[in-house]
*Asks:* 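Starting off with a structure, shown below.
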Amino acid sequence: MIITIDGPSSSGKSTVAKLVSKFFSIVHIDSGSIYRAITLLAMDNNLIHKKKVNIQYLLKCLEENKISFKKKEKNIFKICINDNFIEKRIRTSEISNNVSIVAAIKEVRDYVLKLQRKIAKNQSVVMDGRDIGSVVFPNAKYKFFLEASLKNRSERRWNDLKKNEKNISLANVKKDLSIRDILDTNREHSPLVVPKNSIIINSDNLSIDQVADKIIKLIN
Ligand code: C5P
C-alpha cells in the first residue's frame with residue numbers, strides 16, 4: 001500500500017501522514033526531511049553562497065556521507081546523516097530559507113528519488129512531500145493533496161518555530177513560505193502540482209485529526 005500526501009509548506013502533511021501511518025500500522029516517510037538533510041550537508045560544508053549551490057562538491061558530499069532513515073519508535077523513521085539523528089538541526093529557519101534552492105537541483109532530485117523508491121520497494125508506506133503522487137509514485141492507489149491558505153500555514157509554522165527561535169516574527173515566516181511556494185511551484189524539475197487522480201483536501205477549517213480521519217475513511 002502506497003499513500004501519497006502532497007501539498008505546500010506547512011499544509012499539515014507530515015502530521016496528518018503520521019496519524020495515517022499509525023492507523024494502518026505502516027511506515028511514514030517525510031520526504032522534505034531528505035531535502036533538509038542535504039541542505040544541512042551543503043551548509044555545513046559552506047557550499048551555498050548568495051543562493052548559489054556548488055553542485056559538484058555537494059554531489060561529492062552525498063557520495064561520502066550516508067543519508068538514511070533510522071527507526072526511532074514503531075513505524076516512526078527519522079532522517080540521519082551517517083547514522084546520527086539530525087531532526088532538530090534541519091528544522092531551523094536557516095535551513096528552511098535555503099532548502100528550496102537545493103531541492104531544485106536535478107541531480108539532487110535524482111538522488112532522492114532513488115532513496116524514496118528503495119524505501120517503498122518491500123513495504124507499505126505513507127510518504128509526504130511535493131512530488132510524491134506526481135513523480136515518485138505516480139501509480140500509487142491512494143493520493144491526497146492538502147491545501148490551506150498562506151495565512152493559516154504561516155501561523156502554524158510560526159507557532160512551531162517559536163518554540164526554539166524566540167525572535168522569529170510571523171511576517172518573516174510568511175515571507176519565507178511565500179518564497180518557497182513560488183520556488184517549489186515554478187521550478188523546472190518535479191514542481192509542486194496537484195497530482196493526477198489525487199483527492200484535494202482543504203484544511204483551513206479542519207483540525208489535523210479531522211483531515212487524518214477524512215483520509216482514513218476515504219482509504220477504507
Ligand atoms: O515539507 P518541508 O517543508 O519540510 O520541505 C522542505 C522543502 O523540501 C520544500 O520547500 C521543497 O523545496 C522540498 N521538497 C521537495 N520535494 C518533496 C519534499 C520537499 O522539493 N517531495
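Read the numbers this way: they start at 1 and go in the same order the structure lists the ligands and their atoms. Just so you know, these numbers come straight off a predicted model, no measurement behind them.
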*Asks:* Judging by distance only, is a nitrogen or oxygen of Ser33 under 3.5 angstrom from one on ligand 1?
*Replies:* no
*Asks:* At what distance is the nearest protein heavy atom to atom 16 (N) of ligand 1, and which residue and atom is it?
*Replies:*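 Ranking protein heavy atoms by distance from atom 16 (N) of ligand 1, first comes Arg109 NH2, 3.0 Å.
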*Asks:* May I ask you to identify the nearest protein heavy atom to atom 14 (N) of ligand 1, giving residue, atom name and distance to one decimal place in Å?
*Replies:* Tyr35 CD1, 3.6 Å
*Asks:* By number and element, which atoms of ligand 1 are closer than 4.0 Å to a non-hydrogen atom of Ser100?
*Replies:* 10 (O), 12 (O)
*Asks:* Is it true that Glu165 and Ser93 share a donor-acceptor pair across their side chains at a distance under 3.5 Å?
*Replies:* yes
*Asks:* Could you verify whether a donor N or O on one side chain and an acceptor N or O on the other, from Arg109 and Tyr35, lie under 3.5 Å apart?
*Replies:*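 Short answer, yes.
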*Asks:* Kindly identify the option in Arg91, Met127, Arg130, Lys13 whose heavy atom sits closest to atom 9 (C) of ligand 1.
*Replies:*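 Heavy atom nearest to atom 9 (C) of ligand 1 belongs to Arg130.
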*Asks:* Any side-chain donor paired with an acceptor under 3.5 Å for Ser100 and Arg130?
*Replies:*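 No.
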*Asks:* Arg157 side chain to Leu177 main-chain N or O, any donor-acceptor pair under 3.5 Å?
*Replies:* no
*Asks:* Please list all pairs meeting side chain to side chain donor-acceptor pair (under 3.5 Å) that have one or both residues in residues 167-180, counting only residues at least two apart or in different chains.
*Replies:*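 Every side chain to side chain donor-acceptor pair (under 3.5 Å) pair that includes a residue of residues 167-180, provided the two are not neighbours, is Ser9-Arg180.
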*Asks:* Does the residue His189 have a heavy-atom contact with ligand 1, meaning some pair of atoms that are separated by less than 4.0 Å?
*Replies:*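 His189: no contact with ligand 1 (<4.0 Å).
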*Asks:* With a sphere of 6.0 Å drawn around CD of Glu87, does it hold more than 12 non-hydrogen atoms of other residues, nucleotides or ligands?
*Replies:*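 It does: Glu87 CD has more than 12 such atoms within range.
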*Asks:* Kindly state each residue pair satisfying salt bridge (Lys or Arg N to Asp or Glu O under 4.0 Å) with at least one member in residues 187-199, sequence neighbours excluded.
*Replies:*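 Non-adjacent pairs meeting salt bridge (Lys or Arg N to Asp or Glu O under 4.0 Å): Asp184-Arg187.
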*Asks:* For ligand 1, which atoms have a heavy atom of Arg36 less than 4.0 angstrom away?
*Replies:* 2 (P), 3 (O), 4 (O), 6 (C)
*Asks:* Counting only nitrogen or oxygen atoms and a 3.5 angstrom limit, does Gln116 reach ligand 1?
*Replies:*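 Checking ligand 1 against Gln116, no N or O pair falls under 3.5 Å apart.
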*Asks:* Any side-chain donor-acceptor pair under 3.5 Å between Asp131 and His189?
*Replies:*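 No, no side-chain donor-acceptor contact under 3.5 Å.
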*Asks:* In the protein, which heavy atom is nearest to atom 18 (C) of ligand 1, and how far is it?
*Replies:* Ser31 OG, 3.3 Å
*Asks:* Mark up the atoms of ligand 1 that fall under 4.0 Å of a heavy atom belonging to Asp131, in ascending order.
*Replies:* 16 (N), 17 (C), 21 (N)
*Asks:* Is there a nitrogen or oxygen of Arg180 sitting under 3.5 Å from a nitrogen or oxygen of ligand 1?
*Replies:* yes
*Asks:* Which ligand 1 atoms are under 4.0 Å away from a heavy-atom of Ala103?
*Replies:*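 So the answer, numbered in order with elements, is 12 (O), 13 (C), 20 (O).
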*Asks:* Could an N or O of ligand 1 be found under 3.5 Å from any N or O of Asp184, whether backbone or side chain?
*Replies:*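 Right, the criterion is met.
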*Asks:* Can you name the atoms of ligand 1, numbered from 1 with element, that are less than 4.0 Å from a heavy atom of Ile132?
*Replies:* 21 (N)
*Asks:* Taking atom CG as the centre, does Asn205 end up with more than 12 heavy-atom neighbours from other residues, nucleotides or ligands that are less than 6.0 angstrom away?
*Replies:*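 Incorrect, the count does not exceed 12.
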*Asks:* Check ligand 1 against Arg157 and write out every atom of the ligand that is under 4.0 Å from a heavy-atom position of the residue.
*Replies:*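 Taking each heavy atom of Arg157 in turn, ligand 1 has 3 (O) under 4.0 Å.
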